[in-house]
Amino acid sequence: MTGNTAFAVPKDRQGVTVRLGNGTAIEGVIFLEAVSDFLSSHQKVTMFLENDNTFFPIKLDTTGKTEFINKKNVWIVEVGIPEDPETGYFSQLPMHIISVTAHFCDGTAVSGELMAEVPQEKTRLSDCLNISNKFLSVKTDGKMCYINKDALRTVVHADMG
């Protein structure tokens with residue numbers, strides 16, 4: 001063994017459902033970088049999606065095989081949120097929350113709470129939508145939906161109809 005860690009599989013794994021633009025749902029496990037024990041699971045998933053890699057591996061639940069998915073084709077990555085708040089899924093950092101409905105280009109929609117780690121002066125919906133992230137974080141029905149901004153047509157503030 002040469003000790004080369006370039007081919008090592010990261011130890012942190014996360015069960016997900018990846019929804020593609022063609023309607024396909026892929027269930028499996030993604031491999032998160034073990035960059036820091038101080039980061040929450042939410043922060044690790046966000047870092048995973050926001051990195052510059054075009055493709056990411058997912059180990060399929062159905063076959064155990066690994067496929068590589070192009071992020072451009074991903075509309076949503078869904079992660080189940082543990083009911084126990086002590087699990088550390090979210091960080092202790094202040095999170096701004098806005099009720100929204102996100103409308104996709106195919107006419108479907110997701111409603112929930114848009115969650116963004118933004119400074120107090122950047123808490124308008126337009127500010128949260130225009131941060132440099134490629135994915136929006138929307139909490140809905142006991143899961144976190146990481147939504148590809150490129151798949152969206154509109155986002156509507158739920159309180160404003």
Side-chain angles (χ1 to χ4, degrees), residues 12-33 39-62 67-85 87-161:
D12 286 348
R13 297 168 185 234
Q14 178 65 59
V16 299
T17 300
V18 177
R19 299 194 183 280
L20 302 176
N22 66 1
T24 302
I26 300 170
E27 294 185 3
V29 175
I30 57 173
F31 307 97
L32 305 175
E33 294 297 326
L39 294 177
S40 68
S41 297
H42 169 70
Q43 289 170 318
K44 289 178 183 179
V45 172
T46 299
M47 284 180 59
F48 171 85
L49 292 170
E50 296 298 330
N51 71 30
D52 290 334
N53 295 340
T54 302
F55 287 86
F56 66 89
I58 183 170
K59 183 177 178 184
L60 304 176
D61 285 349
T62 55
E67 289 186 0
F68 289 82
I69 299 175
N70 187 326
K71 284 183 193 173
K72 281 193 234 176
N73 297 316
V74 172
W75 278 24
I76 304 174
V77 175
E78 297 175 354
V79 178
I81 301 173
E83 289 184 27
D84 182 4
T87 60
Y89 188 82
F90 295 105
S91 71
Q92 300 304 316
L93 296 174
M95 192 84 72
H96 187 67
I97 299 172
I98 303 171
S99 294
V100 299
T101 299
H103 298 271
F104 291 90
C105 297
D106 70 349
T108 60
V110 170
S111 294
E113 298 176 326
L114 173 69
M115 302 176 75
E117 291 179 22
V118 293
Q120 188 61 34
E121 65 275 7
K122 295 283 190 179
T123 58
R124 297 178 307 168
L125 178 56
S126 62
D127 295 329
C128 294
L129 293 174
N130 287 308
I131 59 176
S132 62
N133 291 6
K134 299 171 199 153
F135 287 80
L136 297 176
S137 301
V138 177
K139 182 179 173 187
T140 181
D141 299 328
K143 63 186 169 193
M144 199 66 203
C145 295
Y146 300 92
I147 301 174
N148 187 338
K149 289 180 183 179
D150 288 338
L152 294 174
R153 184 182 66 222
T154 60
V155 177
V156 179
H157 197 297
D159 295 337
M160 297 181 177

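Please read all numbers here as calculations on a predicted model, not as lab measurements.
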Worksheet item: Within a reach of under 6.0 Å around CD of Glu121, are more than 12 heavy atoms found that belong to other residues, nucleotides or ligands?
Response: yes
Discussion item. Taking Val156's backbone N and O only, do any of them form a donor-acceptor pair with Thr101's side chain (distance below 3.5 Å, no angle check)?
Written reply: no
Item to complete: Using side-chain contact (heavy atoms from CB on, under 4.5 Å) as the criterion, list what pairs up with Asn70, not counting sequence neighbours.
Response: Thr54, Phe55, Lys72, Asn73
Worksheet item: At their closest point, which heavy atom of His96 faces which heavy atom of Thr123, and how far apart are they?
Response: NE2-O, 2.8 Å
Worksheet item: Going by heavy atoms in the side chains, are Met115 and Met144 under 4.5 Å from each other?
Response: yes
Worksheet item: Would you say Asn133 and Leu49 make side-chain contact, with heavy atoms under 4.5 Å?
Response: no
Item to complete: Kindly write out the residues that satisfy salt bridge (Lys or Arg N to Asp or Glu O under 4.0 Å) with Lys59, not counting sequence neighbours, or none if the list is empty.
Response: none
Worksheet item: Looking at side-chain heavy atoms only, is the closest gap between Gln43 and Glu117 below 4.5 Å?
Response: yes
Item to complete: Kindly give the heavy-atom pair with the smallest separation between Val118 and Cys128, and that separation in Å.
Response: CG2-SG, 4.1 Å
Item to complete: Taking the side chain as every heavy atom from C-beta outward, state whether Lys71 and Asn51 have any pair of such atoms under 4.5 Å apart.
Response: yes
Item to complete: Name all residues meeting the salt bridge (Lys or Arg N to Asp or Glu O under 4.0 Å) criterion together with Asp127; count only those two or more places apart in sequence or in a different chain, and write none if there are none.
Response: Arg124
Fill in: Sub-4.5 Å side-chain heavy-atom contact between Ile131 and Lys149
yes
Worksheet item: Does the side chain of Lys143 come within less than 4.5 Å of Cys145's, by heavy atoms?
Response: yes
Fill in: Pairs satisfying ring-ring contact (aromatic ring centres under 6.0 Å, His included), at least one member in residues 106-144, at least two apart
none
Discussion item. Please identify which of these residues, Ile97, Ile147, Val100, meets the side chain to side chain contact (heavy atoms under 4.5 Å, CB included) condition with Leu114.
Written reply: Val100
Worksheet item: Yes or no on side-chain contact (heavy atoms from CB on, under 4.5 Å) for Leu152 and Leu136, after CA distance, side-chain angles and deciding distance?
Response: CA-CA 10 Å; Leu152 294 174; Leu136 297 176; 3.7 Å; yes
When the side chains of residues 21-31 are checked against the rest of the protein, which donor-acceptor pairs come out under 3.5 Å, sequence neighbours left out?
{"unit_1": "Asn22", "atom_1": "OD1", "unit_2": "Thr24", "atom_2": "N", "d": "2.9"}
{"unit_1": "Asn22", "atom_1": "OD1", "unit_2": "Thr24", "atom_2": "OG1", "d": "2.8"}
{"unit_1": "Asn22", "atom_1": "ND2", "unit_2": "Thr24", "atom_2": "OG1", "d": "3.4"}

Worksheet item: Are any non-hydrogen side-chain atoms of Lys134 and Tyr146 less than 4.5 angstrom apart?
Response: no
Item to complete: Check Ser137 against Thr46 and note the closest heavy-atom contact, atom names and distance.
Response: OG-OG1, 4.4 Å
Worksheet entry | Results of side-chain contact (heavy atoms from CB on, under 4.5 Å) for Asp106 - residues two or more places apart only | Trp75, Phe104, Thr108
Discussion item. Donor-acceptor pair, distance only, cut-off 3.5 Å: does the side chain of Asn148 make one with the backbone of Val74?
Written reply: yes
Worksheet item: To the nearest 0.5 Å, what is the distance between CD (Glu67) and CG (Leu60)?
Response: 4.5 Å
Worksheet entry | Within-4.5 Å side-chain heavy-atom neighbours: Met47 and Leu39 | yes
